Amino acid sequence: MRILFVALYSALLLAETCGGTKSSAEALYGPTWELEYISGARIAFEGLFPEKKPQITFDKASGKVTGTDSCNGYSADYELAENTIVFGDPGPTTMMFCGGSERQFLNMMKKIDGYSIEDGKLNLLVGEVPMMRFKKVEL
């Protein structure tokens with residue numbers, strides 16, 4: 001029994017120290033993230049984005065995010081430090097009017113000051129409050 005406990009403890013310790021998991025910052029890069037929750041909406045999420053959900057992709061090399069606001073494309077600079085993130089003003093890459101939902105998404109991005117990744121989900125925060133939650137999508 002003692003040998004089993006020592007072996008189990010050693011395996012757990014080794015798993016934590018080998019660096020087998022990505023840091024939070026590294027986990028941002030690679031996937032496209034799709035919005036599945038936004039705080040403060042007066043309309044149900046599915047009503048706000050009935051057909052296409054906003055998406056965001058982080059580019060480490062350029063320091064930009066790109067994506068869609070559910071209707072139009074956008075791109076913005078971002079600054080990352082520890083668990084803080086600040087987005088620059090998102091600029092549209094296309095210019096269609098699609099209602100107010102895309103404006104709500106882009107306005108919320110301007111308020112974000114932090115992030116966390118928990119259970120494979122990206123949370124964009126104001127203070128410590130999750131304001132938007134994204135899931136990874138396969139393209």
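Please read these numbers as outputs of a predicted model, since none were measured by experiment.
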> Where the side chain of Asp113 meets the backbone of Gly127, is there a donor-acceptor pair that is under 3.5 Å apart?
Replying inline: yes

> How many angstroms lie between CD in Glu51 and CD in Glu46, if you round to the nearest 0.5 Å?
Replying inline: 11.5 Å

> Which heavy-atom pair separates Ile38 from Gln104 by the least distance, and what is that distance?
Replying inline: CD1-O, 4.2 Å

> When you check the side-chain N and O atoms of Thr32 and Thr57, is any donor under 3.5 Å from an acceptor?
Replying inline: yes

> Going through the checks in order, is the side chain to side chain contact (heavy atoms under 4.5 Å, CB included) test met by Tyr115 and Asn83?
Replying inline: CA-CA 6 Å; Tyr115 74 98; Asn83 288 347; 4.1 Å; yes

>> Parallel, tilted or perpendicular: which one describes the rings of Phe134 and Phe105, with boundaries at 30° and 60°?
In response: perpendicular

> In Å and rounded to the nearest 0.5 Å, what is the CD1 to CE distance from Ile56 to Met109?
Replying inline: 4.0 Å

> Does Glu34 come within less than 4.0 Å of Lys52, counting only side-chain N to carboxylate O?
Replying inline: no

> Going by heavy atoms in the side chains, are Glu128 and Ser116 under 4.5 Å from each other?
Replying inline: no

> Out of curiosity, Tyr37 OH to Met132 CE, how far, rounded to the nearest 0.5 Å?
Replying inline: 11.0 Å

>> A side-chain contact here means heavy atoms from C-beta on lying under 4.5 Å apart; do Val65 and Tyr74 qualify?
In response: yes

> OG of Ser70 to CG of Leu48: how many Å apart, nearest 0.5 Å?
Replying inline: 7.5 Å

> Going by the angle between their ring planes, with limits at 30° and 60°, are Tyr78 and Tyr29 parallel, tilted or perpendicular?
Replying inline: tilted

>> On a heavy-atom basis, which atom in Leu122 and which in Phe58 lie closest, and how many Å separate them?
In response: CD2-CE1, 3.8 Å

> Of the non-hydrogen atoms in Lys64 and Ser75, which two are nearest, and what is the gap between them?
Replying inline: CD-OG, 4.3 Å

>> I'd like to know whether Met131 forms a side chain to side chain contact (heavy atoms under 4.5 Å, CB included) with Lys111, so could you lay out the CA-CA distance, the side-chain angles of the two residues, the decisive distance to 0.1 Å, and finally the verdict.
In response: CA-CA 9 Å; Met131 301 306 279; Lys111 298 175 185 178; over 6 Å; no

> For the atom pair CG (Leu28) and CD1 (Ile117), what is the distance rounded to the nearest 0.5 Å?
Replying inline: 4.5 Å

> So how far is it from Leu125 CG to Ile112 CD1, rounded to the nearest 0.5 Å?
Replying inline: 7.0 Å

>> Please find the pair of heavy atoms, one from Ala76 and one from Gly88, that lie closest to each other, and give the distance.
In response: CB-O, 3.7 Å

> Of all heavy-atom pairs between Ser39 and Pro130, which one has the smallest distance, and what is that distance?
Replying inline: CB-O, 4.3 Å

> In chain order, what residues pass the side-chain hydrogen bond (donor to acceptor under 3.5 Å, both in side chains) check against Lys121, with sequence neighbours excluded?
Replying inline: Glu36

